[in-house]
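Since the structure comes first, as structure tokens, the remarks are kept for the end.
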Amino acid sequence: MNEPVKTTYREAMREALREALRRDDRVFLMGEDVGRYGGCFAVSLGLLEEFGPDRIRDTPLSESAFVGAGIGAAIAGMRPIVEIMTVNFSLLALDQILNNAATLLHMSGGQIGVPLVIRMTTGAGRQLAAQHSHSLEGWYAHIPGLRIVAPATLDDARGMLWAALEDPDPVLIFEHGGLYNTSGELATDAGTADIARAAVRRPGSHVSVIAYGGTLGKALMAAEELSSDGIEAEVIDLRTLRPLDDETIMDSVRRTHRVVLVDEGWRSGSLSAEITARIVEQAFYDLDSPIERVCTAEVPIPYAKHLEDAAIPQVEDVLAAVRRAVGDGG
Amino acid sequence: MNEPVKTTYREAMREALREALRRDDRVFLMGEDVGRYGGCFAVSLGLLEEFGPDRIRDTPLSESAFVGAGIGAAIAGMRPIVEIMTVNFSLLALDQILNNAATLLHMSGGQIGVPLVIRMTTGAGRQLAAQHSHSLEGWYAHIPGLRIVAPATLDDARGMLWAALEDPDPVLIFEHGGLYNTSGELATDAGTADIARAAVRRPGSHVSVIAYGGTLGKALMAAEELSSDGIEAEVIDLRTLRPLDDETIMDSVRRTHRVVLVDEGWRSGSLSAEITARIVEQAFYDLDSPIERVCTAEVPIPYAKHLEDAAIPQVEDVLAAVRRAVGDGG
Amino acid sequence: MTRAKNALAEHRRELLRQMLRIRRFEEKCVELYSAAKIRGFLHLYIGEEAVAVGALQALTPGDKVVSTYREHGHALVRGIPASSIMAEMYGRMNGCSHGRGGSMHLFDTERRFYGGNAIVGGGLPLAIGLALADRMRGEQRVTACFFGDGAVAEGEFHECLNLAALWELPVLFCCENNLYAMGTALAIEHKQTDLAMRASTYEMPAWPVDGMDVLAVEETASHAAEAVREGGGPHFLELRTYRFRAHSMYDPDRYRDRAEIEEWKRRDPIDALVRREKISSDEMTVIDKEVAGEISDAIEFAEAGELEPVESLTRFVYSPGSPGGGPP
Amino acid sequence: MTRAKNALAEHRRELLRQMLRIRRFEEKCVELYSAAKIRGFLHLYIGEEAVAVGALQALTPGDKVVSTYREHGHALVRGIPASSIMAEMYGRMNGCSHGRGGSMHLFDTERRFYGGNAIVGGGLPLAIGLALADRMRGEQRVTACFFGDGAVAEGEFHECLNLAALWELPVLFCCENNLYAMGTALAIEHKQTDLAMRASTYEMPAWPVDGMDVLAVEETASHAAEAVREGGGPHFLELRTYRFRAHSMYDPDRYRDRAEIEEWKRRDPIDALVRREKISSDEMTVIDKEVAGEISDAIEFAEAGELEPVESLTRFVYSPGSPGGGPP
Ligand SMILES: Cc1ncc(C[n+]2csc(CCOP(=O)(O)OP(=O)(O)O)c2C)c(N)n1
Ligand SMILES: Cc1ncc(C[n+]2csc(CCOP(=O)(O)OP(=O)(O)O)c2C)c(N)n1
Ligand SMILES: [Mg+2]
Ligand SMILES: [Mg+2]
């Protein structure tokens, strides 16, 4: 690998888009304000100028129609990347995503593949209040036929898009709004990323801390602090929320015997509930203490900063959960 | 309680509607084909003639608009009952349900209550194929601000509606399509039902079988059969899927130490995952064996009968799961 | 008779045969439904045959079709063999959707028939996307999208008409106005019941057509399809028709009065063409026999079809090439 | 000067004052945003003041208002105190939404102000329902529903206009056409850019109005509101206006050319009324001072507001009367 350069999550994502558009003329980007505005979060800034309005396509505020149009174009052999500005608006397109994108392959007895990529911003943390702070990626992971990925690192921001475009089935990419400005080093020739496996971001032997997307950073910060207290947490980045990589999860649990899940979704019915259930089913006798879930409180996200902070998972919550897990039953 | 009469789930539901419409003139029923057609499943048959088109209101195919209209009317002091023909179409109204119905009370700092009742048919089992066979009630149970109920008995079909109308917050009533024709005895003066608690439908000491709505009948059948093998299953009917009645669940688990969940939702991210997680959090050390989930296979429901049967929970699946649970670890 | 006249007569005889195929096929479906050979929802097209037969004459094999749950007619005329449609309703592996879809979800990519959509309005965005792909590749293809008068009330209708017009997409919108959405009459669904007029406000040519006259439908659809193919952007046809049967096999049809139904039956598109073309009863017998043969062959094919092994239940959820491979 | 003339002058001076309240209030919000006192999304109404001020003159206290995330103007004119709006943006308990909503979610049931909706088009169905309740109870009330040109592309717009017309609901649709939806110009959003014309196809009276002329807006809105109140069914106003600032504080405004913005600024609704009514600079100073006082009081009120204790985080998720009581 050659010379790493300093970049941001946003730029890595933009590079991935640019490369895809250059590499395959079936690829095009479609969504609200992706062109002239440069993307609500400036991810697609400059692409209109390079690729023109046909391939960087501003759409009206018609989520159901343009997401469905992406499905149709994918069926017809194109490789559309549909940007839904944020997950909050994706509900308006959910019928198309569930009843068409996720279902057509099956209903048609394998005839109609839908190689569609849908990108959306997710997450809370910027005081955008109840209607603009949803974290529904774990909820989407309930739907058979979809692949759900959540890039948390620069490498994944850069590498997951192309892998998603090569996937014959619909892939939803959830980009946490809090990550766009994160910066770091990235190899200029950084290639495509695996979208089937979770990754161990930090090895450890005392407890498995499982996170993804917007919560990975908090999990890693907590792990650092814990290590100074002699607690070595293994931090797992799920990366792909559906299908889940049970193997990597169970392998870690069998070594640490303790689990803390960090998930920005509302607690009840969260992805962390599913992971808990799988661990109980596959590694019950390996557990030394109850599984701890650090999730978002069951409240529409409030505007006031102190309340929003209290509602979503924080490093302190992870620390407390790990201490409970390690303290208990040991 | 006086003289019970023979009736059906459908008629019990209709009686509940009729009573509510008579009792409170703020109540009205609105939805597709609830009037002239008599309701897609004939639940509201005859009500148009008794109450007129103003209170039995046929709507155009505009799910988002008429569900949102129900929210607005509820805010303004009416007591609307909105019928979404089936859960499959509710996706088109999900933005209104999540971003308005479930959220307005909070966003307004407690000013805007939404005393809205939404009824919809749910479930598979009638060869209606992938787009018409969803079981998403457990999925809806992820949303803070909503109450989710699933009447499984004649008493609940009769009694939950009025309780829902008295609830100051939005209540979603999920009626399993397979239940409408179930018949039995019901007291003519059967009153309103509690919508906060689960119920033990069959006491038992060896294993807790937790079901609801369309799966309750299967759980009870399995329990009968098991009892002849000397296995006494306690069958719990969740009744209210959100908020969950942890107390009734944990009380049973602490007595039986073994759990089987029967849930028509797709396995990953199902309601049974959440219940598993709560049991692990609240009764971990009471468990003698891994919790068993009997859910729908992760596949869009196929049309062919033998495949549909294989996809959704069957009595045999419950039997096998109970035997695994009782066999293990004991 | 001149050769041209002969050809024309031949062609119209073929239109008649196609309408009869639909009629007889569905009459048989009703029997088979009662015999519990076919299950689930079954929506009949009987009475509306002139719409599918007329409109689909305008398409070439390279064109595309998107339909609804009331799609037997479109599927048959588009060329999906009656046998594989029947097998699909039997839930057999030799069905056109491998037995996974049933009556509401007929698919055949070879014939560019993109289904069978059971969510009202749900097919429109797909049609937009299929047409967008053709437009972006500069292919002169038409995507015909069928939907009902009830679908016009859905938000997606509005979004899709605007998008098609805005992006000048090669879509032929075929609105089958049969005056009812299940039990709800047109005037209870819409304040403005002139659907063609409404479509025209999106700045696309929109014409009402007598959907009981197969020749009128064919002529108008051909003009419209040509215009679409030539780059004239989307066109909209309001095909005024009527279903002679209930909405589905579950529907007791309480909401229409008998007189209205009888009135429309007098306009039966098949009888109308027979009268107009003076088809002799001998000729009819020949066609009927031919059609009957096709249908009994279809049933034989369906009966002989295999049930898919239960082991392969979760097939077709993810594609073979799926990273990490398939289901969770 | 006659008494009538005096009254008229007084009234117009009041319209001017209301527009200035919005203008100065939001100018202050920009400062406070830069000072990080206000966070989240902040959408300014500057340039569009004549719309809210003119349109809301037509309403009585019993009427209802539904708005968007760009609602400071509507809220102020409707009578929500500047202090409780400011406190809301500070996230304090004395804010009009208890600090839970912020700039995009202002509520005040006493003033029948039903928010502040941040999902484009999301407020329309609520307005339909509020009006339906009034209609069913036979109350002669108007529900004014504000939304932008971008919202017209949403399916809900179509569904709601049809429903309102079909059920003859007392809704006054106020479409604030400021020519852009974020960075997307009207002609890129819509094939048919004559929005009033499109509304009229739902069979409701629809009028375009110069949204930079507060008197024109007031007059048209009053006529329309009267008609609605008298049982004339829904009416639609297309209020042609322009935002002088970017879409939100996050928006670098790359998509509009400076000349266009300058051109519109020459039509500033406040300057226009000042010129027209020949308001003297002395008079202006008086009004300005009064408004400045109101705003500094508002800030004081907000600064003095308490933060809600974290313990009550999950308040307002379920109502006190909830069976079994509250959260899961
Ligand atoms: C979104 C949605 N809502 C409701 C239904 C139930 N439903 C199936 S067909 C139908 C009527 C549709 O009428 P129309 O569009 O006129 O088509 P037609 O059946 O008359 O051919 C309804 C309400 C559905 N399938 N999808
Ligand atoms: C359903 C939905 N899609 C996208 C957005 C993001 N968004 C917020 S405002 C806006 C533009 C709306 O334009 P318009 O309706 O004209 O109102 P304006 O902001 O011009 O007043 C967009 C795209 C949203 N809030 N809701
Ligand atoms: Mg119809
Ligand atoms: Mg605008």
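As the structure is a prediction and not an experimental result, all values here were calculated from the model. Chain identifiers are assigned alphabetically (A, B, ...) following the order of the sequence lines, protein sequences preceding nucleic acid strands; residue numbering begins at 1 within each chain. Scope of the values below: all heavy atoms of this structure, side chains included, with no hydrogens, waters or symmetry mates.
For the set A/Pro300, A/Ala297, A/Pro302, the entry with the most heavy-atom pairs within less than 4.5 Å of chain D is A/Pro302. Note on A/Glu308, A/Lys305, A/Gln131, A/Gln127: by heavy-atom pairs under 4.5 Å with chain D, the leading option is A/Gln131. Ranking D/Asp253, D/Val152, D/Thr184 against chain A, the residue ahead of the rest is D/Thr184, based on heavy-atom pairs under 4.5 Å. Contact count against chain A (heavy-atom pairs under 4.5 Å) is highest for D/Ala153 among D/Ala153, D/Ser97, D/Gly122. In terms of non-hydrogen atom pairs under 4.5 Å with chain D, the most contact-rich of A/Val299, A/Asp33, A/Leu91 is A/Asp33.
For an aromatic pair to be called close, the ring centres must be under 6.0 Å apart, and D/His74 with D/Tyr45 satisfies this. Residues D/His105 and A/Tyr303 place their aromatic rings such that the two centres sit no closer than 6.0 Å. For D/His158 and D/Tyr202, the ring centers are positioned less than 6.0 Å apart. The distance between the ring centers of D/Tyr114 and D/Phe107 does not fall below 6.0 angstrom. The distance between the ring centers of A/Phe41 and D/Tyr250 does not fall below 6.0 angstrom.
With a 4.5 Å cut-off on non-hydrogen atoms, D/Ile38 touches chain A through its backbone and its side chain both. Only the side chain of A/Leu92 comes within contact range of chain D, with at least one heavy atom under 4.5 Å from a heavy atom of that chain. Heavy atoms of A/Ala310 lying under 4.5 Å from chain D belong to its backbone as well as its side chain. Within the 4.5 angstrom heavy-atom criterion, no atom of A/Leu48 approaches chain D. Proximity to chain D (any heavy atom under 4.5 Å) is restricted, for A/His132, to the side chain, taken from C-beta onward. For chain A, the nearby parts of D/Met182 are the backbone and the side chain; heavy atoms of each come within less than 4.5 Å.
If you run salt bridge (charged side-chain N to carboxylate O under 4.0 Å, His left out) between A/Glu175 and each of A/Arg14, A/Arg119, A/Arg10, only A/Arg119 comes through.
Across A/Gly214 and A/Leu179, no two heavy atoms sit closer than the pair N-CD1, 4.5 Å.
Defined by atom type and a distance below 3.5 Å, a donor-acceptor pair is missing between the side-chain atoms of A/Thr121 and A/His176.
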